[in-house]
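Just so we're on the same page: letters track the sequence lines, and every chain starts at 1.
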There are 2 protein chains.
Amino acid sequence: MIKKNLTRRQQEISDYLQSHEHVFPFPPTLEELCHAMGVSSRGSMHKHIQALIAAGVVEPMVGRQRGIRLRPQHPPSPVSTSEAMGLEIPFLGYIAAGQPIEALAIPEMMVIPHWLRASRACYVLQVKGDSMIDEGILDGDWVIIEKRDWADNGEIVVALVDNNDATLKRIEQVPGKTILHPANANMKPMSFAPEQVRVQGILVGQMRTYR
Amino acid sequence: MIKKNLTRRQQEISDYLQSHEHVFPFPPTLEELCHAMGVSSRGSMHKHIQALIAAGVVEPMVGRQRGIRLRPQHPPSPVSTSEAMGLEIPFLGYIAAGQPIEALAIPEMMVIPHWLRASRACYVLQVKGDSMIDEGILDGDWVIIEKRDWADNGEIVVALVDNNDATLKRIEQVPGKTILHPANANMKPMSFAPEQVRVQGILVGQMRTYR
DNA sequence: GAGTATAGAACATAAAGAGAACAAAAGGAA
DNA sequence: TTCCTTTTGTTCTCTTTATGTTCTATACTC
């Protein structure tokens, strides 16, 4: 990299370009840059950009419109480490309030980001129904469940009721009873004897795709 | 990939072709493209297409009718991909209704599952605030944004208003105005002149962690 | 004063579009 | 097939607008 010493303003502009590089659908125009940096003269901005070109930070642009692109830098080595990969955990099936978990015959593995907290044994379920809609868990969402047989109050859990119905609910355990709170204005909390409810896991992550 | 630098319009048309490739029963005609892109001159569109051919994006077509086909792109993946595992895409910063995107100085890469549909260039933002709470997008959620400068009605977009405020909203474009719908009972849709609003990307995925 | 930043005007050219005229392809009807 | 009509791609010329470039003048800091 050629990188002469940049002036304060040049550095600011370079930083801005760098942090916004991936946001722009197209490279910015001088005027857009002016606006972003609080400058009102295209001419002034032009001079800065020319300096950045001379310094090797920005691609040379000859008259081209929207030609302000950062020059590809060659950083130390961004090569993906194993740390940077995803984890593979099993997708087990579907969970709908009030039905048993609808299990896949053969669980398929699916990749999730490691930073989605899959520290202990986890699995993925796909949500059916709207029972947790007020918590932002919609029909079709994927939830990552950490395998665990106990829960703290307030956690969202996969609970097996009467050894039959599996549901995703927020749990509240008080002496003598266990209450499962749906997050849907149309549904009421349900109260059970503690021995009726078995925690199968707790919610640690959630994913959704659009379209 | 051959990919010369495309102009803004060329990029738009290329994007359009790509995203509609599987929608068309057969490749579109120039006139259909004109209509789709809001151009009234076949001649103008022809020039764009020729540019895309020269850039290697579109198959050469010699006189053939309905010959506008995308060239098979070998590496459709935008960023470093470790195919079996996850995709690495840049995490750029935070988005809150009514403020500019708060950009990280240096974007960090983050792994997302490849099945979260990061077909084209994408980036990740973290949501601040509750403006989309009724759509199940909560404060602190991560959203995956596909870089795009146009949107179909009903899509959730990152929209830049007055070249200043970036927000995540559902978009509705009608002749003469563009309406941004928050998903929060306490907020009202906002209506703008189309030229006030610039789409920067559309929502394709969402993730959340609990703990 | 040297170096840096800024504003603003004037100018130059790239990009995009409109529209007409023509040519090649496609589809039908006889 | 042949003739005709319609569709669709191609070429041109002309405008308009967006955007990069150049210059000149002013101000601030060291």
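Nearest nucleotide to the M61(B) side chain, out of dG19(C), dG20(D), dT10(D): dT10(D). Set against dT10(D), dT6(C), dT21(D), the side chain of L30(A) has dT21(D) as its closest nucleotide.
Using a 4.0 Å heavy-atom cutoff across all strands shown, G63(A) reaches sugar-phosphate atoms only and no base atom. At the heavy-atom level, R42(A) lies under 4.0 Å from base atoms of the strands shown.
The side chain of T7(B) contributes an N or O atom lying less than 4.0 Å from OP1 or OP2 of dA16(C). When the side-chain nitrogen and oxygen atoms of H46(B) are compared with OP1 and OP2 of dT8(D), none of them lie within a distance under 4.0 Å. For Q65(B), no side-chain nitrogen or oxygen approaches OP1 or OP2 of dA24(C) to under 4.0 Å. Side-chain nitrogen and oxygen atoms of S44(B) include none within less than 4.0 Å of the OP1 or OP2 phosphate oxygen of dA16(C). An OP1 or OP2 oxygen of dT7(D) is reached within less than 4.0 angstrom by no side-chain nitrogen or oxygen of T29(B). One finds no side-chain N or O of R66(A) lying less than 4.0 angstrom from the OP1 or OP2 phosphate oxygen of dA18(D). Between dT6(C) and S40(A), no contact under 4.0 Å exists linking OP1 or OP2 to a side-chain N or O.
At whole-Å resolution of the value, CD1 in I49(B) and P in dT8(D) are 15 Å apart. When the C1' atom of dT4(C) is taken as reference, atom CG of L52(A) falls 14 Å away, rounded to whole Å.
Using the six-membered ring where Trp is involved, F91(A) and W142(A) have ring planes that are perpendicular, over 60° apart on the 30 and 60° scheme.
Between E155(A) and R148(A) there is a salt bridge, since a side-chain N of the basic residue sits under 4.0 Å from a carboxylate O of the acidic one. Using a 4.0 Å cut-off between a side-chain N of Lys or Arg and a carboxylate O of Asp or Glu, E32(B) and R42(B) do not qualify as a salt bridge.
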Assess whether side-chain contact (heavy atoms from CB on, under 4.5 Å) is satisfied between R170(A) and E135(A), documenting all intermediate values.
CA-CA 10 Å; R170(A) 194 172 283 283; E135(A) 296 272 358; 2.9 Å; yes
